[in-house]
Amino acid sequence: MRELDIRHARRLDHYTTGVFAAVNEEKEKIERAGGKVCNLSIGTPDFAPPEHVRRAMMDSAARPENWKYSLTDSDELLSAVADYYQSRFGVALDREMITSVHGTQEGMGHLGLALCDGGDVVLLPDPGYPIFEVGAYFGQAEIHYYPLLRENGFLPRLDRIDEEVLRRTKYMVLSYPSNPVGAAAGKDTYLEIMDYARKYGFLIINDNAYSDIIFDGREGFSFLSLPGAKEMGAEFFSLSKSFNVTGARISFLIGNPAIIDAVKLLRSQFDFGMFYPVQAAAVAALRGPLDGVKAQRDEYQRRRDAFCGGLRRAGWEVPDSQGTMFVWAPIPAGHGDSQSFCRELLQKTGVLSTPGHAFGPSGEGYVRFALVRPAEELARIAAHIGEKLGLSGR
Ligand SMILES: Cc1ncc(COP(=O)(O)O)c(C=O)c1O
């Protein structure tokens with residue numbers, strides 16, 4: 001008898017659970033010993049989804065006919081997305097410019113497979129949201145990271161990228177307000193990058209996860225509202241964070257129909273569409289009142305003020321995030337690298353953060369906190385951190 005070969009495919013060797021597993025192990029050790037951990041490491045909103053969205057899902061799920069394969073996005077869903085884009089972002093969309101995906105995570109993960117051939121370059125932010133890399137890797141693209149550095153306002157510098165790389169680039173991923181660095185970008189930044197994209201012939205893929213979580217009077221916008229953008233790229237538009245529906249997996253890829261077609265062609269090989277009750281929830285969110293979304297943005301800003309302000313008062317110079325539900329904190333001098341600092345923070349304060357290194361090499365020297373607790377609690381946590389780390393507070 002031959003031995004069974006159950007070893008996973010070599011391509012999966014690329015993925016290890018290293019950094020997150022190490023921090024998580026530490027967390028479990030503390031909990032097993034009866035200690036309490038305050039988890040600010042994961043961006044799962046603590047707010048509830050709107051009542052009308054939950055109701056729409058339940059009503060739809062109560063109908064037996066809504067449990068069959070959906071196969072395609074309903075007309076109702078596509079027109080809800082188109083109407084929302086028109087009223088929220090001033091962008092006119094045709095239906096062939098829209099497809100649902102099971103969350104940006106899944107869509108972005110498959111995008112590289114749908115668009116890339118070996119030898120294509122994909123330009124990704126470093127630090128960046130990890131899923132950006134996955135599709136490009138499985139699509140056998142050559143990945144080129146562009147650093148997001150504090151001295152450049154965490155914005156890309158295309159003038160620093162080799163022309164030969166730009167010429168071979170298939171697509172560049174942009175995402176502002178940015179997870180993990182918390183920076184926002186203006187339209188001028190996008191327009192400048194679009195000039196490069198035109199010159200070198202590459203696509204722009206924008207991940208618009210946080211246009212509703214943006215602070216200090218900045219206006220969230222869609223990349224597709226910029227002149228020429230609908231031809232030269234596409235945008236992921238997730239409802240996860242705006243409507244607190246992370247588990248329902250609702251996102252859309254919107255833009256140039258050729259990109260949408262490629263992604264639909266790939267996905268239709270292994271997917272039979274979005275569950276109708278989830279489509280109903282999406283329609284309810286997009287057609288419903290948006291005052292809750294605005295109130296939530298203001299609450300995130302209050303949390304940002306409480307936490308960043310609190311850390312600064314405690315002696316830790318953490319800049320204010322300009323958007324997203326995250327804080328990107330430079331590690332205070334003398335506290336080691338991001339992984340050892342996260343461990344120190346957890347052991348001394350019980351606060352779990354994510355090491356910046358987990359988002360790419362340029363994330364070293366930082367940790368990321370998620371603003372997933374009320375403002376008053378975050379203010380207390382900030383003071384507690386200052387005290388336990390022995391920072392010299394004001
Ligand atoms: C930048 C960014 N893109 C996408 C996502 C995930 O979106 P979805 O829930 O639609 O997969 C997140 C979630 O944290 C994110 O931070």
Side-chain angles (χ1 to χ4, degrees), residues 121-133 136 142-169 171-200 202-211 213-223 226 229 232-233 235 304 308 311-312 316-333 337-338 341 353-369:
V121 169
V122 170
L123 288 180
L124 301 178
D126 162 33
Y129 191 60
I131 192 66
F132 298 161
E133 183 263 2
E142 191 181 306
I143 297 168
H144 185 96
Y145 289 100
Y146 61 88
L148 302 182
L149 304 175
R150 192 173 178 183
E151 61 262 32
N152 300 324
F154 296 109
L155 300 174
R157 289 286 307 264
L158 273 79
D159 56 330
R160 303 264 166 91
I161 301 175
D162 198 82
E163 280 204 302
E164 160 62 12
V165 170
L166 292 175
R167 243 177 250 120
R168 288 195 293 120
T169 296
Y171 66 86
M172 174 179 191
V173 175
L174 286 169
S175 182
Y176 290 95
S178 160
N179 173 14
V181 300
K187 292 183 178 172
D188 52 334
T189 297
Y190 277 82
L191 288 168
E192 204 180 296
I193 293 166
M194 286 165 72
D195 284 343
Y196 277 90
R198 265 187 215 100
K199 178 168 175 196
Y200 293 98
F202 60 82
L203 304 171
I204 293 177
I205 304 297
N206 187 47
D207 179 4
N208 195 9
Y210 295 105
S211 55
I213 310 181
I214 186 162
F215 308 138
D216 306 316
R218 292 179 181 85
E219 275 295 322
F221 63 93
S222 163
F223 153 70
L226 302 172
M232 63 196 302
E235 167 166 286
R304 188 267 330 246
C308 295
L311 289 174
R312 286 197 295 271
W316 186 355
E317 276 311 312
V318 173
D320 281 341
S321 308
Q322 298 174 336
T324 76
M325 57 193 298
F326 301 105
V327 167
W328 190 236
I331 295 170
D337 66 13
S338 61
F341 179 67
S353 55
T354 307
H357 180 75
F359 301 98
S362 300
E364 189 46 83
Y366 291 84
V367 288
R368 191 196 72 173
F369 295 99

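Here the structure is a predicted model, which is why all the values come from computation and not from measurement.
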Quick one: side chain to side chain contact (heavy atoms under 4.5 Å, CB included) partners of Ser175, sequence neighbours excluded?
-> Phe132, Asp207

Heavy-atom distance under 4.5 Å between the side chains of Ile331 and Ser338, does that happen here?
-> yes

Kindly indicate, with the supporting measurements, whether the criterion side chain to side chain contact (heavy atoms under 4.5 Å, CB included) is fulfilled by Glu192 and Leu158.
-> CA-CA 9 Å; Glu192 204 180 296; Leu158 273 79; over 6 Å; no

Heavy-atom closest contact (Pro127 atom, Val181 atom, distance) = CG-CG1, 3.6 Å

Hits for ring-ring contact (aromatic ring centres under 6.0 Å, His included) against Tyr366, two or more places apart or cross-chain, chain-then-number order -> Trp328

Side chain to side chain contact (heavy atoms under 4.5 Å, CB included) partners of Ile214, counting only residues at least two apart = Pro177, Ala184, Arg218

Between Arg167 and Tyr200, is NZ or CZ placed under 6.0 angstrom from the six-membered ring centre and within 45° of the ring axis?
-> no

Is the closest side-chain heavy-atom distance between Pro330 and Arg150 below 4.5 Å?
-> yes

Minimum heavy-atom separation for Pro319 to Arg312, with atom names?
-> C-NH1, 3.9 Å

Quick one: are Thr169 and His144 in side-chain contact, heavy atoms under 4.5 Å?
-> no

So do the side chains of Phe202 and Leu166 get within less than 4.5 Å of each other, counting heavy atoms only?
-> yes

So do the side chains of Met325 and Tyr210 get within less than 4.5 Å of each other, counting heavy atoms only?
-> yes

Only counting residues at least two apart or in another chain, list the ones meeting side chain to side chain contact (heavy atoms under 4.5 Å, CB included) with Ile143.
-> Leu124, Glu133, Ala136, Tyr137, Tyr145

So, do Val173 and Leu123 sit near enough that their side-chain heavy atoms are less than 4.5 Å apart?
-> no

Taking every heavy atom of Met172 against every heavy atom of Pro156, the minimum-distance pair comes out as CE-CB, 4.0 Å

Tell me, with the steps shown, if Phe359 and Thr354 meet side chain to side chain contact (heavy atoms under 4.5 Å, CB included).
-> CA-CA 9 Å; Phe359 301 98; Thr354 307; 3.6 Å; yes

Heavy-atom distance under 4.5 Å between the side chains of Tyr146 and Arg157, does that happen here?
-> no

Residue pair Tyr176 / Ser211, side-chain heavy-atom distance below 4.5 Å | no

Do we see a donor-acceptor contact under 3.5 Å between the side chains of Tyr196 and Asp159?
-> no

Mind checking the CD1-CE spacing from Ile204 to Met232? Nearest 0.5 Å is all I need.
-> 4.5 Å

Scan side-chain atoms only and decide if Asp126 and Ser362 contain a donor-acceptor pair under the 3.5 Å cut-off.
-> yes

Evaluate the criterion side-chain hydrogen bond (donor to acceptor under 3.5 Å, both in side chains) for residue pair Tyr190 and Asn206; output intermediate values, then yes/no.
-> CA-CA 10 Å; Tyr190 277 82; Asn206 187 47; 2.7 Å; yes

Determine yes or no for a side-chain-to-main-chain donor-acceptor pair under 3.5 angstrom, with Glu235 supplying the side chain and Ser222 the backbone.
-> no

What one should report as the nearest heavy-atom pair of Phe154 and Ala183 is CB-CB, 3.8 Å

Could you grab the distance from atom CG of Leu155 to atom CG of Asp188, nearest 0.5 Å is fine?
-> 8.5 Å

When rounded to the nearest 0.5 Å, the distance separating CG of Asp162 from CZ of Arg168 is 9.0 Å

Note: Asp216-Arg304 ion pair, threshold 4.0 Å (strictly below) | yes

Please confirm whether the backbone N or O of Phe326 pairs with a side-chain atom of Ser321, one donor and one acceptor, at under 3.5 Å?
-> yes

With Asn152, which residues qualify under side-chain hydrogen bond (donor to acceptor under 3.5 Å, both in side chains), at least two apart?
-> none

For Asp195, salt bridge (charged side-chain N to carboxylate O under 4.0 Å, His left out) partners two or more places apart | Arg198

